[in-house]
Amino acid sequence: MKLIFERSKEGRNLSILPSCDVPVYTPEMPLREKKLHLPQMSENELSRHYTELAKQTHGVNDGFYPLGSCTMKYNPKVNESAAALPGFAKVHPLQPEETVQGCLEVLKTAEEELCEITGMDGMTFQPAAGAHGEYTGLLLIKAYFEKRGETNRKKIIVPDSAHGTNPASAVMAGFTIVNIPSAPDGCVDLEKLREAVGEDTAGLMLTNPNTLGLFDKNILEITEIVHEAGGLCYYDGANLNAVMGQVRPGDMGFDVIHLNLHKTFSTPHGGGGPGSGPVGCKEILKEFLPGIRIVEKDGVLSTEKAENSIGSVKEFYGNFLVVVKALTYILVLGKEGIPEASLNAVLNANYMMKKLEDLYDMPYPGICMHEFVMSLEKMKHEKGVSAMDIAKSLLDYGIHPPTMYFPLIVHEALMIEPTETESKETLDEAIAVFREIYERAVKDPQDVQNSPKKTPIGRPDEVQAARKPVLRYEF
């Protein structure tokens with residue numbers, strides 16, 4: 001399709017905006033050296049342009065979106081309605097506290113609910129996303145050891161099945177990474193962990209269930225090993241959707257956690273953002289929390305800073321309306337609905353895996369949690385059809401591809417997470433598609449390798465796009 005600038009024609013205009021009702025200011029000396037390039041087009045053409053763009057996107061409202069480890073689930077519209085209420089949507093963060101008591105109550109209630117779900121003692125809503133939350137949590141760990149005078153603790157242990165942002169966040173926080181391999185069962189190798197910990201250990205970053213969709217059966221022993229070495233345990237909450245309401249990270253021995261409200265708690269994700277990655281912690285870390293926290297004195301809510309706060313990691317209260325949406329979701333589901341959602345997420349994943357395991361190779365068979373990983377290594381070796389080919393072929397069926405080539409410990413990996421919001425009928429349709437693509441790959445590999453055929457763009461040169469991206473329009 002044409003870019004909006006390519007559609008533009010000199011002299012065309014529209015009247016979407018009302019006439020200016022204040023004096024127009026024109027500076028005597030224009031600051032801009034060149035005329036501002038803005039597209040000129042009619043309202044009809046503008047409407048068609050954005051409609052065409054919308055038709056070329058794919059989200060959870062369009063079809064099945066089984067993106068592993070990202071919990072791309074449906075966002076209930078009641079969340080949006082709550083966040084659009086004038087008392088939430090039209091406030092300003094610099095208003096006097098007595099004028100925003102309802103908003104402060106939202107933050108206080110959300111903190112209480114999320115601390116109950118995670119087993120933590122305090123929480124900040126400043127971080128804007130998951131990786132931002134990781135970085136913030138690691139800064140809490142850093143501040144903790146600096147106050148204790150244990151500046152020798154510079155190492156963060158990260159399993160080889162961890163999310164890629166884990167080591168990146170640790171390095172940004174000033175730590176050194178110690179990578180440990182997984183055991184044959186896909187869980188943490190306890191002996192390697194024991195060898196890795198020591199007097200220089202600051203902590204362990206772990207996702208449980210991990211990126212293979214497996215709940216580590218040794219989780220209590222893992223956190224105990226780290227604690228005995230004097231380190232702290234960080235919980236990556238990206239996969240909390242599988243266990244919320246069932247088990248609590250705080251009870252597993254974790255000291256600090258980040259959550260993805262834009263994953264687990266059903267607020268818009270990615271391009272539909274913004275996100276929110278609140279960080280919760282145990283009592284020993286509360287004094288270092290960033291930004292401001294909500295406290296109640298004589299029935300009135302106000303704000304205060306933690307005693308030894310690391311400062312602010314984002315302005316004001318974080319992405320407040322995202323918190324409103326997440327709290328709406330939590331209150332609608334309630335004490336019974338939260339654990340039911342996680343049970344259904346696990347049920348859906350196991351149902352899909354069981355229906356596909358006779359065709360696709362499952363490196364870690366047995367019961368999974370919210371997601372499972374398939375390997376196309378054998379298919380690529382025998383037929384030349386890769387995980388990428390299968391993923392591309394799914395596009396022709398209106399299904400968003402699952403996560404590809406991750407985790408790295410599984411060759412030719414496809415990671416599938418159906419989430420709890422998909423019906424059995426949708427799962428059955430997706431299973432039929434996966435089976436059909438497999439049969440096509442066996443009978444006519446070239447046909448699958450040439451996919452997709454029904455999308456606006458077939459197979460772009462991805463290497464060229466990555467190395468020499470065109471990021472701006474040249475006039």
Side-chain angles (χ1 to χ4, degrees), residues 60 64-76 114 116-119 161 163 182 185-188 206-220 222 235-252 254 257 259-266 269 329-330 332-358 360 362-374 400 402-403 406-407 410 413-431 434:
V60 291
F64 192 41
Y65 209 126
L67 198 62
S69 271
C70 279
T71 312
M72 299 289 279
K73 64 185 181 182
Y74 178 73
N75 312 133
L114 291 173
E116 175 62 28
I117 290 171
T118 60
S161 62
H163 289 117
S182 298
D185 62 0
C187 297
V188 172
L206 190 68
T207 307
N208 190 44
N210 63 21
T211 53
L212 296 168
L214 305 175
F215 189 96
D216 203 308
K217 60 184 181 298
N218 300 312
I219 192 61
L220 296 179
I222 290 169
Y235 186 96
D236 182 326
N239 295 342
L240 188 71
N241 199 55
V243 296
M244 62 175 180
Q246 307 297 332
V247 293
R248 307 192 308 174
D251 298 337
M252 298 180 208
F254 288 93
I257 175 178
L259 303 173
N260 292 318
L261 299 189
H262 51 283
K263 290 185 182 181
T264 310
F265 298 100
S266 84
H269 189 148
Y329 177 76
I330 292 170
V332 167
L333 288 188
K335 186 176 181 180
E336 294 76 24
I338 291 290
E340 183 181 355
S342 60
L343 287 176
N344 286 338
V346 173
L347 176 63
N348 281 357
N350 279 277
Y351 179 73
M352 277 198 75
M353 182 176 70
K354 194 68 179 177
K355 291 290 187 177
L356 293 174
E357 65 182 4
D358 61 322
Y360 290 87
M362 306 293 173
Y364 299 94
I367 300 296
C368 68
M369 295 298 289
H370 62 302
E371 65 190 8
F372 61 97
V373 178
M374 307 189 304
H400 191 285
T403 300
F406 184 77
V410 176
L414 287 178
M415 183 198 298
I416 299 172
E417 180 184 9
T419 80
E420 77 281 5
T421 56
E422 299 296 346
S423 66
K424 181 177 180 295
E425 291 76 17
T426 298
L427 298 183
D428 286 336
E429 291 171 4
I431 290 165
F434 272 99

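Across all non-hydrogen atoms, the minimal contact from F434 to L356 is CB-CD2, 3.7 Å. Residues L414 and P402 come closest through the heavy atom pair CD2-CG, 4.0 Å. The minimum heavy-atom distance linking P407 with V373 is given by the pair CD-CG2, 4.0 Å. Scanning both residues, M353 and G366, for their nearest heavy atoms gives CE-O, 2.7 Å.
Between L114 atom CG and M244 atom CE the span is 11.0 Å, to the nearest 0.5 Å. N208 CG to C187 SG: the interatomic distance, rounded to the nearest 0.5 Å, is 8.0 Å. Note that CE of M374 and OH of Y360 are 5.5 Å apart. Values are rounded to the nearest 0.5 Å. To the nearest 0.5 Å, atoms CG (L333) and OG (S266) are separated by 7.5 Å. Atom SG of residue C70 and atom CD of residue E371 lie 9.0 Å apart, to the nearest 0.5 angstrom. Remark: D251 CG to L220 CG distance equals 9.5 Å, nearest 0.5 Å.
Not counting sequence neighbours, the partners of L427 by the side chain to side chain contact (heavy atoms under 4.5 Å, CB included) test are F64, N348, Y351, M352, P418, E422. Residues forming a side chain to side chain donor-acceptor pair (under 3.5 Å) with T403 (at least two apart in sequence, or on another chain): none. Checked against side chain to side chain contact (heavy atoms under 4.5 Å, CB included), P363 has the following partners two or more places apart in sequence or in another chain: S375, V410. A search for side chain to side chain donor-acceptor pair (under 3.5 Å) contacts involving N344 returns nothing, not counting sequence neighbours. The side chain to side chain contact (heavy atoms under 4.5 Å, CB included) test applied to Q246 returns P339, S342, L343, not counting sequence neighbours. Scanning for salt bridge (charged side-chain N to carboxylate O under 4.0 Å, His left out) contacts around E340 gives an empty result, with sequence neighbours left out. The salt bridge (charged side-chain N to carboxylate O under 4.0 Å, His left out) search around E357 returns K354, not counting sequence neighbours. Under the salt bridge (charged side-chain N to carboxylate O under 4.0 Å, His left out) criterion, K335 pairs with no residue at all, not counting sequence neighbours. Residues forming a ring-ring contact (aromatic ring centres under 6.0 Å, His included) with F254 (at least two apart in sequence, or on another chain): Y235. Partners of A238 by side chain to side chain contact (heavy atoms under 4.5 Å, CB included), not counting sequence neighbours, listed by chain and number: H163, D236, N260, K263. Residues passing the side chain to side chain donor-acceptor pair (under 3.5 Å) test with S161: none are found, sequence neighbours excluded.
No donor-acceptor pair closer than 3.5 Å links the side chain of N239 to the backbone N or O of T207.
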Checklist entry - Can you list the steps and then say if D185 with L214 is a side-chain contact (heavy atoms from CB on, under 4.5 Å)? => result CA-CA 9 Å; D185 62 0; L214 305 175; over 6 Å; no
Item to check | CA sep, side-chain torsions, deciding dist, call: F265, I117, side-chain contact (heavy atoms from CB on, under 4.5 Å) | outcome: CA-CA 12 Å; F265 298 100; I117 290 171; 4.1 Å; yes
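T71 has its side chain out of reach of L240: every pair of non-hydrogen atoms, C-beta onward, lies at least 4.5 Å apart. Looking only at side-chain heavy atoms (C-beta outward), F406 and T211 come within less than 4.5 Å of each other. No side-chain heavy atom of H370 sits under 4.5 Å from any side-chain heavy atom of N241. Looking at P249 and V243, their side chains never come closer than 4.5 Å, going by heavy atoms from C-beta outward.
In the model, S69 has no side-chain atom that pairs as donor or acceptor with a side-chain atom of E417 under 3.5 Å.
Pairs of residues two or more places apart, or lying in two chains, that qualify as salt bridge (Lys or Arg N to Asp or Glu O under 4.0 Å) and include a residue from residues 66-76 are K73-E420.
Considering V247, N210, V346 in turn, V247 is the only one that fulfils the side chain to side chain contact (heavy atoms under 4.5 Å, CB included) rule with F215.
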